[in-house]
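The basis for the numbers below is simple: all heavy atoms, side chains too, and nothing from hydrogens, waters or symmetry mates.
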Amino acid sequence: MIGEHKAVARAKQGERVAIVSLPWGRPLKRGSSRVVRRVTKAVCADRRLLEGWCREHRVPVAWIHRARSGLWHVDLWGRPADRVLAARGRNRPAPGGGAP
């Protein structure tokens, strides 16, 4: 999995969709008590390309939003993130963050 800064750079260079899985460790929404340990982001410079990617991976297009970097992205966690990572041949890292 590539790092967040590399994902942003690759998306800006025109990569269709860059995927990054990051440690999170806090609630995704203000006022929520549910802590998400990891978040997977699909990042793209072109919203239409990201919309197509979302349809291909059964991710609601309504989840797309613009980051401070100006790039379009989708935040995924739980089953949707697991589905995307599995489709790319990657497993979600084990709790605790490291390989045995």
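For the pair Arg55 and Trp53, the NZ or CZ position fails the cation-pi test of under 6.0 Å to the six-membered ring centre and within 45 degrees of the ring normal.
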Exercise. Walk me through it: do Arg34 and Trp77 pass the test side chain to side chain contact (heavy atoms under 4.5 Å, CB included)?
Key: CA-CA 12 Å; Arg34 180 174 172 232; Trp77 61 94; 3.2 Å; yes

Practice problem: Might you work through the side chain to side chain contact (heavy atoms under 4.5 Å, CB included) test for Ile19 and Lys41, ending with a clear yes or no? | Solution: CA-CA 6 Å; Ile19 303 294; Lys41 293 178 178 268; over 6 Å; no

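Under the 3.5 Å distance criterion, the side-chain polar atoms of His65 are matched with a main-chain donor or acceptor of Trp63. In this structure a side-chain-to-backbone donor-acceptor pair under 3.5 Å is present from Arg38 to Ser21.
Annotation: the span from His73 atom NE2 to Arg68 atom CZ amounts to 9.0 Å, rounded to 0.5 Å. From Leu50, atom CG reaches atom NE2 of His57 across 11.0 Å, with rounding to the nearest 0.5 Å.
In this view, Ser33 satisfies the side-chain contact (heavy atoms from CB on, under 4.5 Å) rule with no residue, not counting sequence neighbours. Under the salt bridge (charged side-chain N to carboxylate O under 4.0 Å, His left out) criterion, Arg83 pairs with no residue at all, not counting sequence neighbours.
Taken together through direct or relayed side-chain contacts under 4.5 Å among Ile, Leu, Val, Met, Phe, Trp and Tyr, Val20 and Trp24 form part of one hydrophobic cluster.
For Arg66, the CZ atom counts as densely surrounded, since its 6.0 Å shell holds more than 12 non-hydrogen atoms of other residues, nucleotides or ligands.
Here the side chains of Leu85 and Thr40 are in contact, with some heavy-atom distance below 4.5 Å. Within the 4.5 Å cutoff, the side chain of Cys54 has heavy atoms near those of the Val74 side chain. Put simply, the side chain of Leu76 reaches to within 4.5 Å of the side chain of Val84, judged on heavy atoms. In this structure, the side chains of Arg26 and Val36 stay at 4.5 Å or more apart for every pair of heavy atoms.
Taking all atoms of both residues into account, the shortest heavy-atom contact from Val35 to Gly25 is CG1-C, 3.5 Å.
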